[in-house]
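For reference, the structure discussed in these notes is given below.
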Amino acid sequence: MEGPDGSGKTTQIDLLKKYLENRGFDIVIAREPGGTEIGEAIRKIILNRDYQEMSHMTELLLYASARAQLVNQVIRPALEEGKAVICDRFVESSAVYQGIGRGLGVETVYEVNGYALGDVAPKLTIFMDLDAETGLKRKKHQTKLDRMELEDLTFHKRVVEGYRQLAQLYPERIFPVDATLPIEEIHSMITSEVEKRFFQK
Ligand code: TYD
């Protein structure tokens, strides 16, 4: 599940989890960056707002390190046990935030992340499409902003544009949803896409 900050990913993940469990699946939820003890420790470094001096490459490698741990400790074992995994952000977040937002280039991001992912690849990416302004406004009502959320609006606009470009480039694996629609409506769009892709074959 991908999308800009404040796009409602977590709500949709909870609903999708319940839906798939009712359909008989064992579901594992993983969040990024984090999802393991080591990943959560890396998350604290990445999102710490005191670390303004962090270089873009350091940031990319830290996200990839947390991801490598998640893949090896959680995702691959779960898949091997026949479970389904829903990730709150994955490699496309790095593609847009570090590749496009930070300007490191999408190719570099995929190359570095190839080492973290190995043979693990998402079967479907749902992109919650929301304007950067609206996303940030939703976030500001919440908690203290983290290092990424503190970035200016131009950065977050590049992120949203990046997601939209990727969704256009790879329609076979990225499914965009209008995140301003009511929660139930979004949920049913997601479940019909999941049905279409995984069960009606
Ligand atoms: P998080 O609190 O999980 O954001 P949200 O609740 O919006 O999902 O914080 C993760 C932040 O890290 C978010 O701003 C997106 C950013 N991020 C990257 O820049 N690259 C990545 O590879 C990942 C996974 C997240």
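Indexing begins at 1, ligand by ligand and atom by atom, following the structure's order. All values reported here derive from a predicted model rather than from experimental measurement.
For atom 22 (O) of ligand 1, the closest non-hydrogen atom of the protein is S94 OG, 2.5 Å. Looking at atom 6 (O) of ligand 1, its nearest protein heavy atom turns out to be K139 NZ, 3.2 Å. The protein atom (non-hydrogen) at minimum distance from atom 10 (C) of ligand 1 is P33 CD, 3.8 Å. The single protein non-hydrogen atom nearest to atom 8 (O) of ligand 1 is R89 NE, 2.9 Å, given as residue, atom name and distance. Closest protein heavy atom to atom 25 (C) of ligand 1: Y63 CE2, 3.3 Å.
The backbone N or O of L145 lies less than 3.5 Å from a partner atom in the side chain of R49, making a donor-acceptor pair.
When side chains are defined from C-beta on, D26 does not count as touching E81, because their heavy atoms never get closer than 4.5 Å.
Residues H187 and L16 share a closest heavy-atom pair of CE1-N, 3.9 Å.
For F199 and F25, the ring centers sit closer than 6.0 Å to each other.
Which parts of ligand 1 touch D5 is read off a 4.0 Å heavy-atom cut-off, strictly below it: atoms 4 (O), 7 (O), 13 (C), 14 (O). Residue-ligand proximity, Q98 to ligand 1, at heavy-atom distances under 4.0 Å covers atoms 18 (C), 19 (O), 20 (N), 21 (C), 22 (O).
The closest side-chain donor-acceptor pair between Y63 and R89, if any, does not fall under 3.5 angstrom. Using modelled atom types, one finds a donor on one side chain and an acceptor on the other under 3.5 Å when comparing E92 with Y110.
Atom OG1 of T108 is separated from atom CE of M57 by 6.5 Å, given to the nearest 0.5 angstrom.
With respect to I13, the side chain to side chain contact (heavy atoms under 4.5 Å, CB included) criterion is satisfied by exactly one of I126, I190, I86: I86.
For a threshold of 3.5 Å applied to N or O pairs, the pair formed by K9 and ligand 1 contains at least one separation below that value. Looking at Y97 next to ligand 1, no N or O pair under 3.5 Å apart turns up.
Residue contacts with ligand 1 for E32 involve both N, CA, C or O and side-chain atoms from C-beta outward (heavy atoms, distance under 4.0 Å).
Within the 4.0 Å heavy-atom shell around ligand 1 one finds R43. For the ligand labelled ligand 1, residue R67 lies inside the 4.0 Å heavy-atom shell.
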